[in-house]
Engineer: 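The structure that follows is given in the form of structure tokens.
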Amino acid sequence: MIVILEPNIDKSGAAYRQLRAHLDTLPNIQVREHEEVGAQQTLTELYLVGDTAALPAENIRALPGVERVVRISREYRILGRHKDDSRATSFTYNGVEFSQDNLNIFAGLCAVDTRDHVEAMMRALQQHGLVCTRMGAYKPRTSPYAFQGHGKSCLPYVFELAGKYGIRVIAMEITHESHVEEIDEALRQTGNATGIMLQIGTRNTQNFELLKIVGRQREHPVLLKRGFGITLEESLNAAEYLASEGSRKVVFGLRGMKSHFGDPHRNMVDFSHVPVVKRLTRMPVCVDPSHSVGGRSASPEGILDLFHATAQGIIAGANMVLVDFHPAPALALVDGPQALTLPELPVFLEDVRIVRSAYEQRRTLASAGE
Ligand code: PEP
Ligand code: MN
């Protein structure tokens, strides 16, 4: 059961003390407090865990300081959608809103290779009005002999260039807790020139200790990729690990499932699950066409499979697209064959605009039929 308190409740005031005194003496129930400090107000939620089935919600609702009570189903207690649950499905980070209703494009390098390529990429993003990107510094690679990413050495110039070109959020994969400290240190050194969305890759979806540590930081939003060989339920529980430790700014990423049935695509595209994740949880949903499709094949009408997959995600209501671009794909150190080129960026964005507008028309149509 979630007990949502009146905004800006005074924790030292009589109402709060009375409420806690009551809740803390309920038998077989633990109370966990979560505070979300927003720009306008501070919201406090109390999670009642344990024997709550017999607890009448009306009685809790009538206690001092209580605004709303949500009875939660067992699954995804914090991130899930529950009956009569009108909690927000959005958050804002570094001036960018992430929600189940809008769409952000994160086009950029799979892996940072040279400063020149980072700058060319960011300049192109700025020219096309984009304020988000992807830039990998820590790369989890199948082979120990493959390029592992430049790590912390590239962070200062990546962040400095992001500031120069007005990039507000960079999605960056981390594979170890020390990477969060390195990112924070480099951000400090560059005067917080940009913001970082910490990405947990498909190989780490069930790295529970990493999830707990990343979940304990509240500063950065987290993009959790779906595990490529586990059930959707298992991946959603992984997201719940982040939330249960305190991190609520979580985006869920679909990136295709490992299966030979996906052949000739790198993975089996799973973007029909966009509405499923939005129905089960309050997380914005990201699609990654690049790691799903994995190549630049085109259909006879001349449209790349990468564009088709992106469109499939967007028409299903995706809220974020993570997509590989590179100024010189032949020189890329990771995933060059699936990268789109800078001249393709405006075409890609126009295709996105067409499909998003079709999605919005579909929403209007559906609501007219209600
Ligand atoms: C990536 O986005 O660079 C990546 C490695 O993705 P995934 O974890 O989905 O394979
Ligand atoms: Mn990649």
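These numbers were taken from a predicted model, which means no experiment stands behind them. For ligands, and for the atoms within them, numbers begin at 1 and follow the listed sequence.
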Engineer: Can you tell me if K258 has over 12 outside heavy atoms packed within less than 6.0 Å of its NZ?
Structural biologist: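 Open.
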
Engineer: Check whether the ring centres of Y93 and F98 lie less than 6.0 Å apart, and answer yes or no.
Structural biologist: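 Not under 6.0 Å, so no.
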
Engineer: With a 3.5 Å distance limit and no angle check, can you tell me whether R123 reaches the backbone of V118 through a side-chain donor-acceptor pair?
Structural biologist: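 A pair under 3.5 Å: no.
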
Engineer: Run the side-chain contact (heavy atoms from CB on, under 4.5 Å) check on V355 and T310 step by step: do they pass?
Structural biologist: CA-CA 9 Å; V355 185; T310 304; over 6 Å; no

Engineer: To the nearest 0.5 Å, what is the distance between OG1 on T133 and CG on L161?
Structural biologist: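 Answer for the OG1-CG pair, T133 versus L161, is 11.5 Å.
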
Engineer: Mind checking what makes ring pair (Phe, Tyr, Trp, His ring centres under 6.0 Å) contact with Y157, not counting sequence neighbours?
Structural biologist: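 Y157: no ring pair (Phe, Tyr, Trp, His ring centres under 6.0 Å) contacts found.
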
Engineer: Nearest heavy atom to atom 7 (P) of ligand 1 wins, so pick from Q199, H291, K225, M135.
Structural biologist: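 Checking each option, the heavy atom nearest atom 7 (P) of ligand 1 is found in K225.
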
Engineer: Please identify which atoms of ligand 1 are closer than 4.0 Å to at least one heavy atom of G201.
Structural biologist: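 Close to G201: 8 (O).
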
Engineer: So which heavy atom in the protein is nearest atom 8 (O) of ligand 1, and how far is it from that ligand atom?
Structural biologist: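 That would be T202 N, 2.8 Å.
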
Engineer: Within a distance under 4.0 Å of any heavy atom of E173, pick out the atoms of ligand 1 and give their elements.
Structural biologist: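 With E173 as reference, the close atoms of ligand 1 come out as 4 (C), 5 (C).
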
Engineer: How about R216: does its CZ atom have over 12 heavy atoms from other parts shown lying under 6.0 Å from it?
Structural biologist: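 It does: R216 CZ has more than 12 such atoms within range.
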
Engineer: Can you tell which of R296, R266, R134 makes a salt bridge (Lys or Arg N to Asp or Glu O under 4.0 Å) with D335?
Structural biologist: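 Filter result, single survivor: R266.
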
Engineer: Could you name all protein N, O or S atoms found under 2.8 Å from the Mn ion (ligand 2)?
Structural biologist: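 The answer, once waters are left aside, is C110 SG, H291 NE2, D335 OD2.
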
Engineer: Say whether R203 and ligand 1 are in contact under the criterion: heavy-atom distance to a ligand atom below 4.0 Å.
Structural biologist: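 Within the 4.0 Å threshold, so yes.
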
Engineer: Among protein heavy atoms, which sits nearest to atom 3 (O) of ligand 1, and what does the distance come to when rounded to 0.1 Å?
Structural biologist: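 Minimum-distance protein heavy atom for atom 3 (O) of ligand 1 reads R134 NH2, 2.7 Å.
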
Engineer: At less than 4.0 angstrom from any non-hydrogen atom of R255, what atoms of ligand 1 do you find?
Structural biologist: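 Counting atoms of ligand 1 from 1, those under 4.0 Å from R255 are 7 (P), 9 (O), 10 (O).
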
Engineer: Quick one: does N94's side chain have a donor or acceptor within less than 3.5 Å of a partner on R168's backbone?
Structural biologist: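 The answer is yes, because a donor-acceptor pair under 3.5 Å joins these two groups.
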
